[in-house]
Structures are given as C-alpha cells and as structure tokens.
Amino acid sequence: MSGTGEKGSATTKTPADFLKSIRGRPVVVKLNSGVDYRGILACLDGYMNIAMEQTEEYVNGQLKNKYGDAFIRGNNVLYISTSKGTLAEGA
C-alpha cells in the first residue's frame with residue numbers, strides 16, 4: 001500500500017475559485033430571510049456583497065419582482081448557488 005491519499009488534488013477548488021468561475025453566469029442567491037434572488041452574477045467582493053443583473057426575486061418559490069440590477073449586502077447572504085436551467089423556468 002503506497003497510496004498518498006492525494007487522489008484528485010489537481011482538481012481541488014477553493015471557494016474563491018468557485019466564485020471567480022461563476023462570474024457572468026446565472027446564480028441563485030439565498031438570503032437569511034429565505035428570499036431567493038436569481039440572475040446573472042456581475043461581481044462580488046471579499047465581504048460577499050453581490051451585484052446582479054436581470055434579477056428576479058422569489059418569495060416562497062413565487063416570483064414577486066423583477067429588477068434590472070440589484071445589489072445585495074453580504075451579511076444577508078446565506079449561500080450562492082449556480083442556477084440549473086434558465087431563469088424563466090424557475091429552476
């Protein structure tokens with residue numbers, strides 16, 4: 001047994017790598033309040049402040065509002081996820 005336990009270490013991504021890779025792509029941002037914002041991730045900073053484009057606001061899974069651009073303060077963010085499917089599908 002001469003394994004080093006480093007299987008797949010070449011593909012290890014940090015959270016910072018993930019966030020850099022999803023800029024310009026559709027994302028879902030879930031807030032601590034339970035509200036979801038879906039749109040294109042324009043940029044974000046080290047405090048997790050987020051700027052989004054083509055943003056849609058969902059409350060309890062229901063579309064409530066559409067915004068051109070939106071800014072979300074980082075301390076309200078529970079998580080950021082890549083969006084599966086198109087925004088219009090409500091994925």
Can you name the closest pair of heavy atoms from K13 and S21 and give their distance? NZ-OG, 3.6 Å

Measure the shortest side-chain to side-chain distance between V27 and R38 over non-hydrogen atoms and say whether it is less than 4.5 angstrom. no

Please tell me if the side chains of V29 and D36 come closer than 4.5 Å, counting only heavy atoms from C-beta onward. no

For L63, side chain to side chain contact (heavy atoms under 4.5 Å, CB included) partners two or more places apart: E56, Y58, K66

Hey, does L19 have a side-chain heavy atom less than 4.5 Å from the side chain of I80? yes

Just wondering, do V28 and Y37 contact through their side chains at under 4.5 Å, heavy atoms? no

Answer yes if the side chains of Y67 and N65 hold a donor-acceptor pair under 3.5 Å, and no otherwise. yes

Distance col, row I50:CD1 vs T55:OG1, nearest 0.5 angstrom, shows 10.0 Å

Counting C-beta onward and ignoring hydrogens, is there a side-chain heavy-atom pair between Q54 and P26 closer than 4.5 Å? no

State which residues pass side chain to side chain contact (heavy atoms under 4.5 Å, CB included) with N49; sequence neighbours excluded, sorted by chain then number. D45, Y47, F71, R73

If every non-hydrogen atom of V77 is compared with every non-hydrogen atom of M48, which pair is closest and at what distance? CG2-O, 4.0 Å

Distance col, row I22:CD1 vs L44:CG, nearest 0.5 angstrom, shows 7.5 Å

Return yes when atom CG of N60 has more than 12 non-hydrogen atoms of other residues, nucleotides or ligands closer than 6.0 Å, and no otherwise. no

Selection residues 16-26 - residue pairs positive for salt bridge (Lys or Arg N to Asp or Glu O under 4.0 Å), sequence neighbours left out: none

Would you compute the distance between atom NZ of K30 and atom CG of L78 and round it to the nearest 0.5 angstrom? 7.5 Å

In Å, rounded to the nearest 0.5 Å, how long is the span from CD of E53 to SG of C43? 8.5 Å

